[in-house]
Amino acid sequence: MSRGRWTKEQFQGDAQSLAKALLGTQLVRMLDDGSQISGTIVETEAYLGVMDRAAHAFGGRRTQRNETMYAAAGTAYVYLIYGMYNCFNVVCGEPDEPTAVLVRALAPIEGIQRMREARSKAKRERDLCSGPGKLCQALFIDRSLDGEDLASSDRLFIKGEPGPPKDSTLICAPRIGVDYAGAWADKPLRYYLEESEHVSKKLRS
DNA sequence: CGGCCGATCAGCT
DNA sequence: GCTGATCGGCCGA
C-alpha cells in the first residue's frame with residue numbers, strides 16, 4: 001500500500017504540503033524501449049499561484065507556456081527555461097488554481113547507466129540529478145510530457161510513502177533563482193533533506 | 001573555492 | 001530588446 005503508486009487524491013492540497021510530501025518518494029520514468037529510470041526526490045520548491053511574485057502564474061498570467069499550471073492536481077507541468085533546459089513540476093490545488101511544486105533534485109536509484117549517457121558532462125554520480133534542469137536531462141523529461149497525468153501515465157509517475165521520511169531532517173530555505181521576486185524571494189518555500197548528497201545547493205553555515 | 005559569462009527561446013515592454 | 005524557477009566552462013585567488 002505505502003509502496004504503491006500515487007493516486008489522483010494524493011496530489012490534491014496546497015503546494016507547501018505537497019512539496020514536503022514528495023520528499024522521500026520516487027519519481028519513475030518508463031522509456032518507450034521499456035527501460036526504467038528513477039530517483040528519490042530530495043529537494044522541492046512550492047509555488048503558490050497568482051499572489052506569488054516568483055511564480056509563472058503571478059497576477060493571473062496565463063500563456064501557452066504556463067497553461068498546464070491551471071490543470072488538475074497530479075498533472076505534470078514541464079516548461080523550457082533559459083531557452084535550453086526543462087523543469088518538471090507537479091500541479092496541485094484546485095482546478096484553475098495555478099499552484100505547483102518544482103522538483104529540484106533526485107538521488108538516483110535505477111537506470112544510472114542511462115542517466116550517465118544522457119548527462120555525459122556529469123563526472124560524479126551526485127551531479128546526475130542535482131538540479132531541476134539536470135534531472136530532466138537524466139530522466140529524459142521534456143515538453144512532450146507537459147500535461148501528462150501522473151496518476152495514470154505509463155511514462156512518468158510517483159511512488160512511495162508520502163514524506164518527509166521519519167529518519168530525515170527537513171530543511172526549509174528561500175527558493176533558488178528568484179531574487180527578482182521582492183519579499184517573495186525570502187520566503188522559506190524550498191524544502192530539502194539535509195543528509196542528502198544530491199541536493200542542488202546547501203545553505204552555507 | 002567563487003564569480004563571471006554565454007547558450008538560446010518564450011513572454012513581456 | 002531584455003529577462004528568466006539553469007548549467008557548465010573558464011578564470012583568478
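In what follows, chains carry the letters A, B, and so on, assigned in the order in which the sequence lines appear, proteins first and then strands, with residues in each chain numbered from 1. This structure is a prediction, so every number in the text was calculated from the model and none was measured. When reading the values below, keep in mind they use all heavy atoms of this one structure, side chains included, and skip hydrogens, waters and symmetry mates.
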When you match Ile81(A) and Gln137(A) each to their closest nucleotide on DNA chain C, which lands nearer the 5' end?
Ile81(A)

Check whether any side-chain N or O of Lys123(A) sits under 4.0 Å from OP1 or OP2 of dG8(C), and answer yes or no.
no

Between OH of Tyr82(A) and P of dA10(B) the distance, given in whole Å, is 16 Å

Is dC1(B) paired to anything, Watson-Crick or G-U wobble with both distances less than 3.5 Å, and if yes, which nucleotide?
dG12(C)

Which of the following nucleotides, dG8(C), dA7(B), dA10(B), is nearest to the side chain of Met84(A)?
dA7(B)

Could you check how far CZ of Phe58(A) sits from P of dG4(C), rounded to whole Å?
14 Å

Rounding to an integer number of Å, can you tell me how far Ile176(A) CD1 sits from dT6(C) P?
8 Å

From NE2 of His56(A) over to P of dC9(B), roughly how many Å is that when rounded to an integer?
17 Å

Side-chain N,O (Arg119(A)) to OP1/OP2 (dG8(C)) below 4.0 Å
yes

I need the CZ-C1' distance between Arg175(A) and dG4(C), as an integer number of Å.
14 Å

By the rule that ILVMFWY residues connect when side-chain heavy atoms come within less than 4.5 angstrom, directly or transitively, which residues belong alongside Tyr77(A)?
Met69(A), Tyr70(A), Tyr79(A), Ile81(A), Tyr82(A), Met84(A), Tyr85(A), Val91(A)

Do the charged groups of Arg143(A) and Asp146(A) touch, with an N to O distance under 4.0 Å?
no

With a cut-off of less than 4.0 Å, is there a side-chain N or O of Arg104(A) near OP1 or OP2 of dT6(C)?
yes

Could you tell me how far dG8(C) sits from dA10(B) if I compare only their C1' atoms? Round to whole Å.
23 Å

Between P of dG4(C) and CH2 of Trp184(A), the distance in whole Å
19 Å

How many Å lie between CD on Glu43(A) and C1' on dT6(C), as a whole number?
13 Å

If you look at every strand shown and take non-hydrogen atoms under 4.0 Å, does Gly133(A) touch a base, only sugar-phosphate, or nothing?
sugar-phosphate

Shortest non-hydrogen contact between Glu195(A) and Ser168(A), atoms and distance
OE2-CB, 2.9 Å

Let me spell it out: for each of Arg62(A) and Tyr85(A), pick the nucleotide of DNA chain B with the closest heavy atom. Which residue's pick is nearer the 5' end?
Tyr85(A)

To the nearest Å, how far apart are Leu102(A) CG and dG4(C) P?
16 Å

With a sphere of 6.0 Å drawn around CD of Glu117(A), does it hold more than 12 non-hydrogen atoms of other residues, nucleotides or ligands?
yes

Does the ring of Tyr47(A) carry Arg175(A) above it, NZ/CZ under 6.0 angstrom from centre and within 45° of its axis?
yes

Choose from dG9(C), dC9(B), dG11(B) the nucleotide whose nearest atom is closest to any side-chain atom of Leu80(A).
dC9(B)

Per atom distances to the Thr63(A) side chain, the nearest of dC12(B), dA10(B), dC7(C) is dC12(B)

